[in-house]
**Student:** 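Below: one structure in structure tokens.
First the proteins, then the strands, lettered A, B, ... as listed; each starts at 1. Values below: every heavy atom of this structure, side chains too, minus hydrogens, waters and symmetry copies.
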Number of protein chains: 2
Amino acid sequence: MGPMKKISSKTIGRALIYLRTLDGLAKQRWRYVSSGQLARMTGLTDVQIRKDISSFRKVGTPKVGYKIADLKRTLEDFVLQENVVHLVLFGVGNLGSAILKYPGFHQPKMKLVAAFDQSASKIGKVVNGVRIYSMENVPHVVHRTHGDIGIIAVPKESAQEAADLIVLAGLKGIVNFAPASVTVPKGVRVKDIDFTIEFLSLFCDVRT
Amino acid sequence: MGPMKKISSKTIGRALIYLRTLDGLAKQRWRYVSSGQLARMTGLTDVQIRKDISSFRKVGTPKVGYKIADLKRTLEDFVLQENVVHLVLFGVGNLGSAILKYPGFHQPKMKLVAAFDQSASKIGKVVNGVRIYSMENVPHVVHRTHGDIGIIAVPKESAQEAADLIVLAGLKGIVNFAPASVTVPKGVRVKDIDFTIEFLSLFCDVRT
DNA sequence: ATTATATCGTGAAATTAAGAACGATTGTTC
DNA sequence: GAACAATCGTTCTTAATTTCACGATATAAT
């Protein structure tokens with residue numbers, strides 16, 4: 001257990017998978033789980049799981065495994081601390097509406113707090129507890145709702161525009177669902193999710 | 001330009017980004033593009049782009065760059081050959097409905113060809129040109145529609161069940177939108193897309 | 001023609017991620 | 001309480017990916 005190392009984003013991604021799995025096990029009244037069991041449930045290897053967990057400074061007990069409640073608390077503390085993630089959505093079309101309804105974005109730890117759209121007919125409406133605002137009010141609304149991450153769900157022609165608004169409002173993270181790359185200043189992280197690309201690359205893999 | 005090397009799935013993923021970018025440029029009547037320009041547009045580095053392109057056996061001309069039409073054709077040939085990807089959807093709830101409407105899945109190269117749901121009220125309906133079938137007909141319908149990849153958009157409790165059906169029908173690729181890991185036999189590739197995890201891991205990154 | 005310059009292609013180095021091996025620890029059994 | 005089995009934590013290896021460095025080539029300018 002060396003000195004505090006930087007934890008890679010891959011490890012953090014897997015930590016969230018462990019957390020998801022542990023939640024399920026806790027619901028089924030499990031008390032302990034071993035790296036081997038987690039490996040079977042997640043499709044990862046036991047070594048990798050042990051390595052990840054040890055990087056979070058959490059120790060299990062040989063022959064028994066990890067105490068689920070403790071491990072869960074450790075991971076939660078590490079990846080979320082006591083923060084809540086606030087999301088703001090740009091574009092309430094087909095995809096945007098689905099995002100508004102997605103139950104994962106209305107949890108205690110992650111909340112969708114505001115939506116923006118250009119169309120006058122949508123502005124002012126409240127969907128699933130989230131109000132739709134005009135694009136003109138972005139900085140003010142983002143500040144008031146403590147937004148953390150912006151979601152781009154506008155047509156690809158407006159994607160850069162939305163990204164600029166997000167940057168202007170001071171947000172440091174963007175998830176971009178539009179099928180177009182956007183450019184942002186250093187210090188802002190963009191995660192692209194282009195379904196077409198995800199599917200095609202899987203297809204290429206499979207076709208081997 | 002060594003002997004034919006295996007092309008990694010990372011490279012293929014980026015090739016699809018290049019393709020998307022080239023399409024945009026072609027629409028704007030560009031004829032040539034350099035690796036540096038592509039780098040600025042995609043956020044990748046010029047070296048990586050050149051290396052990727054050279055792995056597809058495509059050569060550019062110094063001082064000029066790549067001829068867009070040629071590069072586009074090369075990439076298309078390589079990643080898609082003349083195939084069309086056929087997707088079949090499991091679960092027509094909120095997310096499933098959004099997927100049915102997503103325009104990216106009704107292109108010449110990628111088509112959503114069938115959907116399945118348990119609810120009798122949905123079976124038989126046609127949404128966006130796609131018929132919704134009963135879960136009992138999976139193998140037959142998948143075979144008839146030449147399905148390639150299965151999409152899991154059912155509640156997490158039924159995710160494994162859907163995965164089993166997909167495997168049974170002989171498909172080799174799964175995109176899993178349910179927030180639960182599924183286990184499949186060797187030879188079947190699963191790509192998990194858990195929005196909650198994507199957002200949280202971005203948040204962890206940003207908070208550094 | 002010669003020089004200058006932008007761009008390409010690629011082998012080598014560096015970085016990062018994953019996997020294998022193995023001693024150490026804890027609970028169990030007789 | 002001694003031997004065994006299951007599981008952990010960690011170091012060392014191996015593999016994959018990215019970045020660096022630099023020579024080669026095509027166009028443009030003088």
**Student:** Counting only N and O atoms by type, is there a donor-acceptor contact under 3.5 Å from the side chain of A:R14 to the main-chain atoms of A:Q48?
**Tutor:**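 Pair absent, no side-chain N/O of A:R14 close to backbone of A:Q48.
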**Student:** Return yes if the base of C:dG19 and the side-chain atoms of A:K51 contain a donor-acceptor N/O pair under 3.5 Å, otherwise no.
**Tutor:**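 Donor-acceptor pair under 3.5 Å: yes.
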**Student:** If the threshold is 4.0 Å, N to carboxylate O, is there a salt bridge linking B:D77 and B:R73?
**Tutor:**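 Salt bridge between B:D77 and B:R73, a charged N being under 4.0 Å from a carboxylate O: no.
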**Student:** Below the 4.0 Å mark, does C:dC8 have OP1 or OP2 next to a side-chain nitrogen or oxygen of B:R50?
**Tutor:**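 Indeed, a polar side-chain atom of B:R50 lies that close.
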**Student:** Is it the case that A:S181 and B:R20 place a side-chain donor and acceptor less than 3.5 Å from each other?
**Tutor:**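 Note: A:S181 and B:R20 side chains meet the donor-acceptor criterion.
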**Student:** Does A:A98 offer a backbone N or O that forms a donor-acceptor pair with the side chain of B:N94 under 3.5 Å?
**Tutor:**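 Pair absent, no side-chain N/O of B:N94 close to backbone of A:A98.
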**Student:** Within this structure, what is the CG-to-P distance between B:L38 and C:dC8, rounded to whole angstrom?
**Tutor:**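 Distance check: B:L38 CG to C:dC8 P gives 9 Å.
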**Student:** Under the side chain to side chain contact (heavy atoms under 4.5 Å, CB included) test against B:D192, which residue among B:N176, B:I197, B:I152, B:V175 passes?
**Tutor:**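 Running side chain to side chain contact (heavy atoms under 4.5 Å, CB included) over B:N176, B:I197, B:I152, B:V175 with B:D192 returns exactly one hit, B:N176.
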**Student:** Using a strict threshold of under 4.0 Å (side-chain N to carboxylate O), is an ion pair present between B:D46 and B:R50?
**Tutor:**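 Salt bridge between B:R50 and B:D46, a charged N being under 4.0 Å from a carboxylate O: yes.
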**Student:** How long is the line joining CG of B:D46 and P of D:dT18, in whole Å?
**Tutor:**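 Nearest whole value for this atom pair: 14 Å.
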**Student:** Whether B:Y32 contacts D:dA26 is assessed here as follows: a side-chain N or O lying under 4.0 Å from the phosphate OP1 or OP2. Is that the case?
**Tutor:**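 No, no such contact exists.
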**Student:** Give the nucleotide from the list D:dT7, C:dA17, D:dT17 with an atom nearest to the side chain of B:S8.
**Tutor:**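 The nucleotide sitting nearest to the side chain is D:dT17.
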**Student:** Please determine, for the side chain of B:K10, which listed nucleotide (D:dC8, D:dT18, C:dC8) has the closest atom?
**Tutor:**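 Closest nucleotide among those given: D:dT18.
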**Student:** Let me spell it out: for each of A:S9 and A:V64, pick the nucleotide of DNA chain C with the closest heavy atom. Which residue's pick is nearer the 5' end?
**Tutor:**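 Nearer the 5' end of the strand: A:S9.
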**Student:** Side chain of A:V59, heavy atoms from C-beta onward: which of D:dG9, C:dA18, D:dT27 has the nearest atom to it?
**Tutor:**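 Ranking D:dG9, C:dA18, D:dT27 by closest atom to the A:V59 side chain puts D:dG9 first.
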**Student:** For B:R40 and C:dA6, give me the distance from atom CZ to atom C1', rounded to whole Å.
**Tutor:**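 From B:R40 CZ to C:dA6 C1': 12 Å.
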**Student:** For C:dT26, does either OP1 or OP2 sit under 4.0 Å from a side-chain N or O belonging to A:Y66?
**Tutor:**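 Answer no for this pair, as no side-chain N or O of A:Y66 is under 4.0 Å from OP1 or OP2.
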**Student:** Please give, in whole Å, the distance from D:dC8 P to A:K67 NZ?
**Tutor:**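 Spelled out: NZ on A:K67 to P on D:dC8 is 16 Å.
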**Student:** Rounded to whole angstrom units, what separation is found between the CZ atom of B:R57 and the C1' atom of C:dC8?
**Tutor:**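 Rounded to the whole Å, the gap is 17 Å.
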**Student:** Any side-chain N or O of A:T61 under 4.0 Å from OP1/OP2 of C:dT26?
**Tutor:**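 For A:T61, the contact criterion (side-chain N or O under 4.0 Å from OP1 or OP2 of C:dT26) is not met.
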**Student:** Quick one: is D:dT18 close enough that its OP1 or OP2 comes under 4.0 Å of any side-chain N or O from B:R14?
**Tutor:**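 Indeed, a polar side-chain atom of B:R14 lies that close.
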**Student:** Under 4.0 angstrom, heavy atoms only, what part of the nucleic acid is B:V47 near: base, sugar-phosphate, or nothing?
**Tutor:**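 Counting heavy atoms under 4.0 Å across all strands, the contact made by B:V47 includes a base.
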**Student:** Roughly how many Å is it from NZ in A:K63 to C1' in C:dG27, rounded to a whole number?
**Tutor:**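 Checked: the NZ to C1' distance equals 6 Å.
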**Student:** Just how far, in rounded Å, is P of D:dT19 from CG of B:D52?
**Tutor:**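 Whole-Å distance recorded here is 11 Å.
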**Student:** Among the candidates C:dA18, D:dT17, D:dA5, find the nucleotide nearest to the side-chain atoms of A:Q48.
**Tutor:**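 Nearest to the side-chain atoms of A:Q48, counting from C-beta on, is C:dA18.
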**Student:** When you measure from the side-chain N and O atoms of A:S54 to the phosphate of D:dT10, is any distance below 4.0 Å, counting only OP1 and OP2?
**Tutor:**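 Checking D:dT10 against A:S54, a side-chain N or O does come within under 4.0 Å of OP1 or OP2.
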**Student:** Nearest whole angstrom, please: distance from the C1' of D:dC8 to the CZ of A:F56.
**Tutor:**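 That distance rounds to 17 Å.
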